[in-house]
Protein chains: 2
Amino acid sequence: MATRTRRSQRRTEALSRDRIVEAAVELLDTAGEGGLTFRALTERLATGPGAIYWHVANKDELLDAATDAVVAAALAADSPRAEPSARVESSARAEPSTRGESAEPAESAESAKSPDSPQDKIRAIAFGLFDAMADHPWLPTQLALQLSRSPWGSVTPQIFENIGRQVRALGVPEGHWFTAASALVHYILGAAGQNAANNASARALAPDVDRAEFLDAASQAWEDLDPDDYPFIRAVAAQVREHDDREQFLAGIDLVLTGITALHLSGEQGGTTPSAT
Amino acid sequence: MATRTRRSQRRTEALSRDRIVEAAVELLDTAGEGGLTFRALTERLATGPGAIYWHVANKDELLDAATDAVVAAALAADSPRAEPSARVESSARAEPSTRGESAEPAESAESAKSPDSPQDKIRAIAFGLFDAMADHPWLPTQLALQLSRSPWGSVTPQIFENIGRQVRALGVPEGHWFTAASALVHYILGAAGQNAANNASARALAPDVDRAEFLDAASQAWEDLDPDDYPFIRAVAAQVREHDDREQFLAGIDLVLTGITALHLSGEQGGTTPSAT
DNA sequence: ACCTGAACACCGTTCAAGT
DNA sequence: ACCTGAACACCGTTCAAGT
């Protein structure tokens with residue numbers, strides 16, 4: 001059942017790489033990672049496999065292109081105007097604690113009260129990716145796969161560059177640029193991906209229950225672990241349940257930002273690498 | 001050529017789940033991610049597919065078991081005696097800068113000079129995973145896949161628990177346990193995986209050149225990017241080339257540790273989550 | 001309880017042939 | 001230049017049958 005063939009458009013608009021990628025994203029969104037096959041794709045696009053292979057080298061390239069497109073859209077979205085909590089929908093209470101709480105998060109000397117400080121821009125980028133992963137549950141996996149296929153593929157540099165510019169704007173000494181940007185990128189990708197995976201799993205376990213209810217099921221799995229083997233996890237399980245995902249995510253970012261600021265407050269002459277530059 | 005069937009053992013020892021997992025790991029190590037097929041497995045174990053399916057539900061479960069085994073070994077290795085730089089081989093110079101440099105990395109009040117401070121233990125766990133990924137290039141990918149399949153699968157809790165205990169030992173207030181442990185785990189997994197991917201790709205590009213030479217090729221790819229679109233990446237590319245991977249990895253960990261310490265120096269009453277515990 | 005191996009359904013990819 | 005669609009090689013998984 002289901003799988004309504006929306007092929008009613010009757011051969012309008014010729015096939016193109018962009019249309020194929022677009023169809024691939026739709027297929028991934030609706031049918032999941034396993035739903036993207038060349039047969040499903042040919043059916044949706046009303047062609048044969050050969051037509052697709054004329055525009056795209058192979059499936060990996062297609063997946064990379066789909067990943068690229070979604071990430072690029074996420075990075076572009078927060079560029080004009082940062083809308084950090086625009087999508088917060090059900091958790092509007094995230095706003096008050098979103099700002100200036102948690103251990104004075106690293107406000108740099110100069111651009112502290114500016115509406116778009118580097119910190120704010122970093123948070124905006126992070127939430128852009130966070131939301132993209134929530135919208136496209138296959139993104140984290142594909143991101144990881146592409147990263148291991150070709151670490152200098154198009155996506156990683158995109159993210160790294162965007163974060164890196166803000167790190168530089170933060171006033172971090174050049175010797176620490178790579179370390180600081182890496183720490184941010186890895187945290188953002190990892191935490192956002194983890195969160196997306198949590199949501200996907202919870203949704204799978206309990207298809208149509210309320211958010212609160214499935215969060216219950218999620219941390220329940222942690223609480224079911226043997227208390228002798230996993231005392232720490234058991235201890236944080238309850239904590240996790242009570243917390244808003246976005247709030248938690250933001251707290252982690254601010255933690256890393258704090259570390260970065262502490263770094264460049266300490267020594268200008270390149271701490272970790274005495275022999276560098 | 002190659003593919004020497006080491007099946008000369010002549011049907012000794014019966015089939016078991018452990019033997020299958022062991023064979024799977026060997027296959028993954030030698031033939032890569034695509035090399036693990038049920039046909040290759042049956043050949044190596046001299047049985048039929050049915051025999052394997054009696055011990056293992058499906059391929060995903062087999063991959064999960066292989067991942068579990070390798071991660072468990074990595075986590076167990078640093079438990080008795082921390083040997084942080086035991087494998088450093090070519091980069092012995094990592095030692096002097098490994099300690100107490102870079103922005104005073106978070107030495108907690110009490111157990112500061114102890115041979116096995118929580119910080120040291122965290123670093124040991126991190127390098128255990130770092131080395132495991134270097135030995136098993138398929139690990140990062142499988143780790144990511146398992147994470148998105150079932151976030152509460154056996155591996156994540158293992159890592160989280162190990163790191164978490166040290167976070168607690170660090171004196172972090174309970175309200176920040178999850179945030180601190182998350183930041184560490186995500187950085188460690190992300191950075192170690194990225195590094196492993198870099199090595200794998202460089203090895204693929206230049207099969208048997210020296211380390212220095214392939215690092216060249218690696219950062220070369222970054223330097224080839226359009227300077228107008230990627231000014232930041234171009235700027236750090238040279239920096240990356242000159243740095244030792246393990247040193248860089250450690251610097252990131254210390255950065256996060258610094259952020260964590262700053263966190264709990266600021267306020268004991270649970271910064272991010274006013275309503276928590 | 002544990003293993004065999006032929007068979008099935010499905011998938012990515014190719015390619016001679018058309019327009 | 002762009003598309004068609006039958007065909008190929010390969011893979012995960014099943015299952016009736018053996019011991």
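Predicted model only: the values in this text are computed from it and were never measured. Note on naming: letters A, B, ... go to the chains in the order of the sequence lines (proteins, then strands), and numbering restarts at 1 for each one.
Whole-Å rounding puts the Y53(A) OH to dC3(D) P distance at 16 Å. Distance, L41(A) CG to dT4(D) P: 13 Å, rounded to whole Å. Look at CG on L27(A): it is 11 Å from P on dG12(C), rounded to the nearest Å. As rounded to whole Å, 17 Å separates atom P of dC11(C) from atom CG of N58(A). The separation between R19(A) atom CZ and dC2(D) atom P is 16 Å, rounded to whole Å. dC10(D) atom P lies 20 Å from atom CD of E33(B), rounded to whole Å.
Picking from dC3(D), dT13(C), dC3(C) the nucleotide with the shortest atom distance to the side chain of F38(A) gives dT13(C). Out of dC2(D), dT13(C), dT4(D), the shortest distance to the side chain of W54(A) is found at dC2(D). Closest to the side chain of A14(B), from the set dG5(C), dC11(D), dC3(C), is dC3(C). Among dT4(C), dA6(C), dC3(D), the nucleotide with an atom closest to any side-chain atom of A51(A) is dC3(D). Counting only heavy atoms from C-beta on, L15(B) has its side chain closest to dC3(C) among dG12(C), dC3(C), dT4(D). Checked against dT13(D), dA7(D), dT14(C), the side chain of R39(A) finds its nearest nucleotide in dA7(D). Nearest nucleotide to the side chain of K59(A), out of dT13(C), dT13(D), dT4(D): dT13(C).
K59(B) places a side-chain N or O within donor-acceptor distance of the main-chain N or O of L36(B), the cut-off being under 3.5 Å. Under the 3.5 Å distance criterion, the side-chain polar atoms of Q142(A) are left unmatched by any main-chain donor or acceptor of T67(A). The main-chain N or O of A191(B) is never found under 3.5 Å from a side-chain atom of N195(B) such that the two would form a donor-acceptor pair.
Going from the C1' atom of dC2(C) to that of dA17(D) covers 13 Å, rounded to whole Å.
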Whenever both distances are under 3.5 Å in a Watson-Crick or G-U wobble pair, mark it; put DNA chain D into dot-bracket that way, with [ ] for crossing pairs and | when the partner is on another strand.
||.|||||...|||||.||
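Nearest-nucleotide mapping onto DNA chain D: of G50(B) and I52(A), the residue sitting toward the 5' end is I52(A).
Here L36(A) lies in heavy-atom contact (under 4.0 Å) with sugar-phosphate atoms only.
Contact check on R165(B) versus E161(B) returns a salt bridge, with a Lys/Arg side-chain nitrogen under 4.0 Å from an Asp/Glu carboxylate oxygen. Salt-bridge formation is not detected for the pair R234(B)/D226(B): no Lys NZ or Arg NE/NH1/NH2 atom is positioned less than 4.0 Å from an Asp or Glu carboxylate oxygen.
Aromatic ring orientation, F127(A) versus F249(A): perpendicular (interplanar angle above 60°, classes split at 30° and 60°).
OP1 or OP2 of dC3(D) sits under 4.0 Å from a side-chain N or O of H55(A).
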Under the criterion side-chain hydrogen bond (donor to acceptor under 3.5 Å, both in side chains), I'd like the reasoning laid out for T47(A) against T42(A): C-alpha separation, chi angles, the key distance, then a yes or no.
CA-CA 5 Å; T47(A) 58; T42(A) 56; 5.9 Å; no
